[in-house]
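First the proteins, then the strands, lettered A, B, ... as listed; each starts at 1. Heavy-atom basis, side chains included; hydrogens, waters and symmetry copies ignored.
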Amino acid sequence: MPLPKDLIRISPTTWELPVTFKKGMLVPARIIASEKLINAMEDAVFEQAANVACLSGITGYSYCMPDGHWGYGFPIGGLAAMDPERGVISPGGIGFDINCGMRLVLTNLTEEEVRPRLHDLVNRLFSRIPTGVGCHGTLKVKESEFRHIAEQGSRWCLKKGYAVAEDLELTEEGGCFTGGDSAKVSNKAIERGLEQLGTLGSGNHYCEIQVARPENVLDQKIARSFGITIPNQVVIMFHCGSRGFGHQIATDYLQRFLKVMGPKYGLSVTDRELACAPFRSPEGQDYYAAMKCAVNMAFANRQMILHRIREVFSDIFHRDPFDLGLRMLYDVAHNTAKLERHLIDGAPRELLVHRKGATRSLGPGSPELPACYRESGQPVIIGGSMETGSYLLSGMTGSNATFATTAHGSGRTMSRHQAKKLFRGDRLQQQLEQRGIYIMTDSLGGLAEEAGGAYKDIDEVAAVTELAGLSKRIVKLLPMGNIKG
DNA sequence: ATGTGC
């Protein structure tokens, strides 16, 4: 597929569509990619990044990260910073799975210690962490309790004994976006959420046991400061979000925005999927307060899953989970919008940063970071496929250009439908087992959709983020065992 | 992504 002829190469890793690319663009669109990745990008990414550049109040550039691909309205990998006074908030810039995110957990166990118990561990994780569409959690809460969870996030877990203080310190925003208001959430969304705490979900959501081999440690010093200190150290990475709760909130507000956008606010968009409302309007503020509830539910969901992981490892090894070194490394959101301060032309400005399939990546010295990571920069977790592995990186100061943002995953190269035609889940499971990767799933079709071959080259994506000055590769993590929906 | 949709 030929690249758009207006596309300009700004640097080895930055490509730009000027405002002349499409009528209505207020700022240029920039795509962070190598030559290989830009050539593999779907046309839809260019169109969608340009559509986002037309949204009121967009500041600087509309961005797409190197793992970018086609999404609902915004590309997945999309980033837009809005002026909060003049700009809009758009659910399509956050995604249906609000606060879908990654959490990385340390252990002090080695591959040699874990391998003999791998099947037991994976089987037990699979039975303790519900997976799949429509799965229900082992914890059901009352509506009033759920409203607290939606407003407090991980803080609720700490109060109930499902977290230790350090878990919250090592979660983006302390595991709670303040200002969540459950009165702005529909009863339907709350009903869907009641039984979803501690559940993984489906699609590309998974929980993986991984190993950090010495040859894959790329920066010894920062790796040590992140707690990767022993050869062949085992870690646990998982990926999930706000389940049906967040999905319902996104659906509710997309409908509401579509009704008022034109008639009440005179906003027109190139694509209905970019439904939006002025951030300072009642509708915009209601969505922001409801979205924060979904963000908080997702933080609490990941915290409950961490609690289950601690129980499982403790059961299998007959030791206290903290003796096993089951400590947080970090938790990053990758589907949110939030008010953040960024330097624009040398002056600090508050901006509403939409990240959709994009990770915050604060560089060294950022005051928002916990003290233990202030020197290194923020841990960034880029999840790859179960075949090819994942990366732990650290934020770099070059990310000032992208509102402190980097990639979030490897990014699909083909649709789920195509992947299902090309790969077979049962065969994949067998092949991976032969390579020492044990997978439990209740959907072999879903497994085929997540085949490594359906994704971009994770090594290339991680390398490009480093070359672009967004995030530095610290450790490549290889899969040993995986549960998925 | 999603009690998977026109």
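Note on Asp286(A) versus Arg256(A): salt bridge recorded, some NZ/NE/NH1/NH2 to OD/OE distance being below 4.0 Å. With respect to Arg103(A) and Glu172(A), no salt bridge is recorded, no charged nitrogen being found less than 4.0 Å from a carboxylate O.
At whole-Å resolution of the value, CG in Leu200(A) and P in dT2(B) are 9 Å apart. As a whole-Å value, the separation of Ile94(A) CD1 from dT2(B) P is 17 Å. Taking atom OH on Tyr72(A) and atom P on dG5(B), their separation rounds to 13 Å, with Å as the unit. Straight-line distance from the CG atom of Asp442(A) to the P atom of dT4(B): 14 Å, rounded to whole Å. In this structure, NE2 of His417(A) is placed 15 Å from C1' of dT4(B), rounded to the nearest angstrom. Between Lys420(A) atom NZ and dT4(B) atom P there is a gap of 14 Å when expressed in whole angstrom units. One can place CG of Asp252(A) at 16 Å from P of dT2(B), the figure rounded to the nearest angstrom. To the nearest angstrom, P of dT4(B) lies 12 Å from CD of Gln196(A).
Across all strands shown, Lys356(A) has no heavy atoms under 4.0 Å from either base or sugar-phosphate atoms. Within 4.0 Å (heavy atoms only), Gly203(A) reaches sugar-phosphate atoms of the nucleic acid but no base atom. Among the atoms of the strands shown, none is found under 4.0 Å from any heavy atom of Gly241(A).
Summarising the local packing, CZ of Arg327(A) is surrounded by 12 or fewer heavy atoms from other residues, nucleotides or ligands at distances under 6.0 Å.
Side-chain atoms of Arg155(A) and Asn296(A) include no donor-acceptor pair closer than 3.5 Å.
Regarding contacts with the backbone of dT4(B), every side-chain N or O of Ser202(A) stays at 4.0 angstrom or more from both OP1 and OP2.
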